[in-house]
Number of protein chains: 2
Amino acid sequence: MSGARRGAGRDRLISAAKELLWETGYEQMSPGDVLRRSGIGQGSLYHHFEGKLALALAALDAMVAEEKAAIDAVFAAEKSPRQRIADYLGRERQMLRGCRLGRLANETAMETPEFRAAVADYLGHVERRLAEAVREGQEAGTLNRTLDPTEAGALFLAVIEGGYVLARAHWDEARMLVALAGAQAVLRQMSVT
Amino acid sequence: MSGARRGAGRDRLISAAKELLWETGYEQMSPGDVLRRSGIGQGSLYHHFEGKLALALAALDAMVAEEKAAIDAVFAAEKSPRQRIADYLGRERQMLRGCRLGRLANETAMETPEFRAAVADYLGHVERRLAEAVREGQEAGTLNRTLDPTEAGALFLAVIEGGYVLARAHWDEARMLVALAGAQAVLRQMSVT
DNA sequence: GTCTATAGGGGGATAGAC
DNA sequence: GTCTATCCCCCTATAGAC
């Protein structure tokens with residue numbers, strides 16, 4: 001009773017906000033949209049949250065947790081370092097929708113510290129997992145040292161995030177796939193065996 | 001007189017719109033903002049343009065023309081292919097502001113064909129220049145063939161566009177610079193001499 | 001905790017004088 | 001071609017009944 005359980009209304013608001021943040025971004029997401037989509041009445045939003053921003057931050061936190069967990073599954077320790085990176089690169093994606101977190105990078109809401117921190121948290125997590133895998137592979141001798149682990153991690157992540165931009169700009173998944181093929185070729189070049 | 005000359009008012013509106021599109025994006029740019037910044041009165045905007053979208057498209061076209069010209073200067077033919085790519089990668093950038101065109105990739109206005117086409121035009125132009133340089137270098141024997149020209153062009157562009165996302169997310173230019181260092185290392189790996 | 005009703009403000013656009 | 005005045009709608013938030 002005491003704070004452990006949260007009402008279904010709150011959760012439905014967060015679910016709707018998560019969908020809308022991905023589909024339209026923060027500025028474009030109006031409280032009215034959230035209410036219509038969640039089927040919840042006007043005042044309830046302001047019972048559970050201080051306002052639109054607080055709701056978005058709650059939704060963002062949930063998205064970050066989900067995406068970090070999905071990333072950790074891709075980077076499971078039992079795989080070889082090279083396989084982890086290959087799986088991340090070749091992962092299934094809804095390319096035309098854009099990265100759930102990265103697509104928010106240009107919203108004015110990024111000026112809000114907690115908002116920006118959530119996006120940075122996710123991207124930093126992926127980048128660290130990538131760098132970690134490269135370092136491990138180099139130490140094990142299965143990846144060569146042509147690229148610095150940190151630089152390689154940033155490179156691979158940037159290709160993905162930039163690939164989303166290309167796919168959306170041309171409205172064509174193939175534009176991301178070409179960039180991805182370049183990254184995969186780089187990974188092959190790094191592979192020793 | 002007959003259509004050759006455009007009033008100063010129109011140009012000032014476009015200038016203000018160009019600034020605002022870069023600073024805040026399209027959805028966030030209100031006609032009121034444009035008017036305040038340009039110092040022009042209410043009705044004049046609708047004398048020169050059908051509405052906000054038409055103004056933004058005119059501003060976009062101007063931005064694309066400017067940026068393509070700047071890109072063509074970077075890819076001047078008298079440079080070696082490798083130098084052209086290196087100059088593009090190492091180009092001075094306002095990393096925290098984001099790519100003037102690429103930052104619009106996630107706006108809902110991208111659903112408007114002319115809007116999306118402008119962004120795609122710029123990005124396609126850069127990608128072609130990059131691929132062209134790689135192909136030329138390979139034919140001249142100064143770049144090896146570890147990467148396909150098309151894939152390399154997409155890779156380099158995606159790293160830049162993704163680098164902007166990383167820099168903005170962490171609010172730290174260094175995050176883009178690390179990814180860039182990775183791309184530069186890849187370019188070095190491709191260099192024969 | 002959820003609802004309906006409502007309010008203030010600004011976004012996007014138009015009217016019409018000068 | 002430029003200006004001021006004005007309009008309608010929706011965005012964000014609050015009030016208060018149930």
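Letters go in sequence order (proteins before strands), and every chain restarts at 1.
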* Asked: Does OP1 or OP2 of C:dG1 have a side-chain N or O of A:Ser44 closer than 4.0 Å?
  -> no
* Which listed nucleotide (C:dT14, D:dG1, D:dT12) is nearest to the side chain of B:His47? -> D:dG1
* Asked: Which nucleotide in the list D:dT12, C:dG12, C:dT2 gets nearest to the side chain of A:Lys52?
  -> D:dT12
* To do: Look at all strands and tell whether A:Leu45 reaches a base, only sugar-phosphate, or nothing, counting heavy atoms closer than 4.0 Å.
  => nothing
* Among B:Glu161, B:Glu66, B:Glu23, the one residue meeting salt bridge (Lys or Arg N to Asp or Glu O under 4.0 Å) with B:Arg100 -> B:Glu66
* To do: Write down the distance between CG (A:Leu53) and C1' (D:dC11), rounded to a whole number of angstrom.
  => 15 Å
* **Between D:dT12 (C1') and A:Gln28 (CD): distance, integer Å** => 15 Å
* Structure fact -> Atom CZ of A:Phe49 and atom P of D:dT14 are separated, to the nearest Å, by 15 Å
* **Selection from C:dG12, D:dA13, D:dG1 that lies nearest to any side-chain heavy atom of A:Gln42** => D:dA13
* **Of A:Pro31 and B:Gly43, the one whose closest DNA chain D nucleotide lies more 5'** => B:Gly43
* Linked hydrophobic residues, A:Leu96 as query - side chain contacts closer than 4.5 Å -> A:Trp171
* To do: Round to the nearest Å and state the distance from B:Leu35 atom CG to C:dT14 atom P.
  => 14 Å
* Structure fact -> From CD1 of A:Ile40 across to P of D:dA13 the rounded distance in Å is 17 Å
* Any B:Asn106 side-chain heavy atom under 4.5 Å of A:Gln28 side chain -> no
* Asked: Considering only heavy atoms from C-beta outward, does the side chain of A:Leu180 approach that of A:Ile160 to under 4.5 Å?
  -> yes
* Structure fact -> Atom CZ of B:Arg10 and atom C1' of D:dC3 are separated, to the nearest Å, by 19 Å
* Asked: What is the distance, rounded to the nearest whole Å, between atom CG of A:Leu55 and atom C1' of D:dT12?
  -> 13 Å
* Rounded interatomic separation in angstrom, taking CG from B:Asp11 and P from D:dG1 -> 12 Å
* Quick one: is D:dT14 close enough that its OP1 or OP2 comes under 4.0 Å of any side-chain N or O from A:Tyr46? -> no
* Looking at every strand, decide which applies to A:Gly32 at a 4.0 Å heavy-atom threshold: base, sugar-phosphate, or nothing. => nothing
* Could you check if a side-chain atom of B:Tyr26 sits within less than 4.5 angstrom of a side-chain atom of B:Lys52, using non-hydrogen atoms only? => yes
